[in-house]
Amino acid sequence: MQKQHFSNVNLFAILFEPPKAARGIIMKISVLVPTLGAREKELERLLYSLHQQLYKNFEVILVVQGNYLSVEKIVSSFCSLAIRKVYLQEKGLSKARNVGLKEVTGDIVVLSDDDCWYPKDAFGKIADIFQKEPSVKVVLTQIYDKERNVLYKSYLHKKCYISNKLQLMSKSSIEIAYRKNGIRSSGFDERLGLGAEFVCGEEVDFLIRNFCEKEYLYIPAITVYHAKKNCKSSHQQVVAKGALYKKNFNFVVSFGVLARDLIVKRENNIKDFFKGYYEYSKRKS
């Protein structure tokens, strides 16, 4: 009788077991990593952190744009990882991401760089958020400089939905995870980003083009490590900022941003900003 009792309990557990999605183990993550192959130690550190992930349902899409033999050697040391390598002769961050996106088979896309790395629980946190928030299309998290023990930038302390596009202007690509099938325009503008005419802003442009209220959720959780950069923008970055504002905002908003930079930040970006603003106008397809 005792044995039969346990048999019935097991049958009940099988019949009424919650679906895999409810237990948070079915969502597959695709980690998109463009690399020029020049930062060998950093790439090895990244892959090691992926190897250490507690959440195992993920793949790595590695878009290699240079130093192919070096990258092959590094990757060969991580046989346990599901890595799909794509070789690209052309340079450009946005171009690499667009090529890599065609290879994605996961439910969630995590944008990565070859010089960042991840805490062991990063992908578990990301998958859990999407599992608990079925209406959310994009999750934005925090970057931490582990070597200096400081956050990468100033972040909000509370979980919140993004309510307007201007809140997206300070976001970095490695903060971004999104549902592959929840995004309306998945590609990146190849005129923006490292290696392109305008050296940055491709991730912000991507977020703005796909923005919809109540679909972007910010979580005050650290999911990625990266060394903190100098806060002051270079001339090229300000030019790119001008191009980004021309594409996505009207003149009044753009002028307001310039005034804020001048008054609050004590930065006179007018010349470089409008250089990018008008250059983008001329090249707009």
* Asked: Would you call Arg191 and Glu197 a salt bridge, taking side-chain N to carboxylate O under 4.0 Å as the test?
  -> no

* Asked: What do you reckon, is CZ of Phe255 surrounded by more than 12 foreign heavy atoms closer than 6.0 Å?
  -> no

* To do: May I ask you to decide whether Asp113 forms a salt bridge with Arg97, counting only side-chain N to carboxylate O separations under 4.0 Å?
  => yes

* To do: Could you label the plane-to-plane angle of the Tyr280 and Phe198 rings as parallel, tilted or perpendicular, counting under 30° as parallel and over 60° as perpendicular?
  => tilted

* Quick one: ring-ring contact (aromatic ring centres under 6.0 Å, His included) partners of Phe273, sequence neighbours excluded? -> Tyr245

* To do: Give me the ring orientation class for Tyr218 and Tyr155: parallel if the planes are under 30° apart, tilted from 30 to 60°, perpendicular past 60°.
  => parallel

* Asked: Is it the case that Glu202 and Ser94 place a side-chain donor and acceptor less than 3.5 Å from each other?
  -> no

* Tyr87 OH: over 12 foreign heavy atoms closer than 6.0 Å -> yes

* State whether the number of non-hydrogen atoms from other residues, nucleotides or ligands found under 6.0 Å of Lys159 atom NZ is greater than 12. => no

* To do: May I ask whether Leu101 and Leu207 are part of the same hydrophobic cluster, defined by side-chain heavy atoms of I, L, V, M, F, W, Y residues being less than 4.5 angstrom apart, directly or through others?
  => yes

Pair up each side-chain donor or acceptor in residues 119-127 with any protein partner under 3.5 Å, not counting sequence neighbours, and list the distances.
residue : atom : partner : partner atom : Å
Lys125  : NZ   : Ile222  : O            : 3.3

* **Leu36: hydrophobic cluster co-members (side-chain, 4.5 Å)** => none

* Partner residues of Tyr277 under the ring-ring contact (aromatic ring centres under 6.0 Å, His included) criterion, sequence neighbours left out -> Phe274

* Looking at residues at least two apart in the chain, or sitting in another chain, which of them share a side-chain hydrogen bond (donor to acceptor under 3.5 Å, both in side chains) with Ser135? -> none

* Going only through I, L, V, M, F, W and Y residues with side-chain contacts under 4.5 Å, is there a path from Leu46 to Leu54? -> no

* Who passes salt bridge (Lys or Arg N to Asp or Glu O under 4.0 Å) against Lys146, sequence neighbours left out? -> none

* Taking 4.0 angstrom as the limit, do Lys180 and Glu59 come out as a salt bridge? -> no

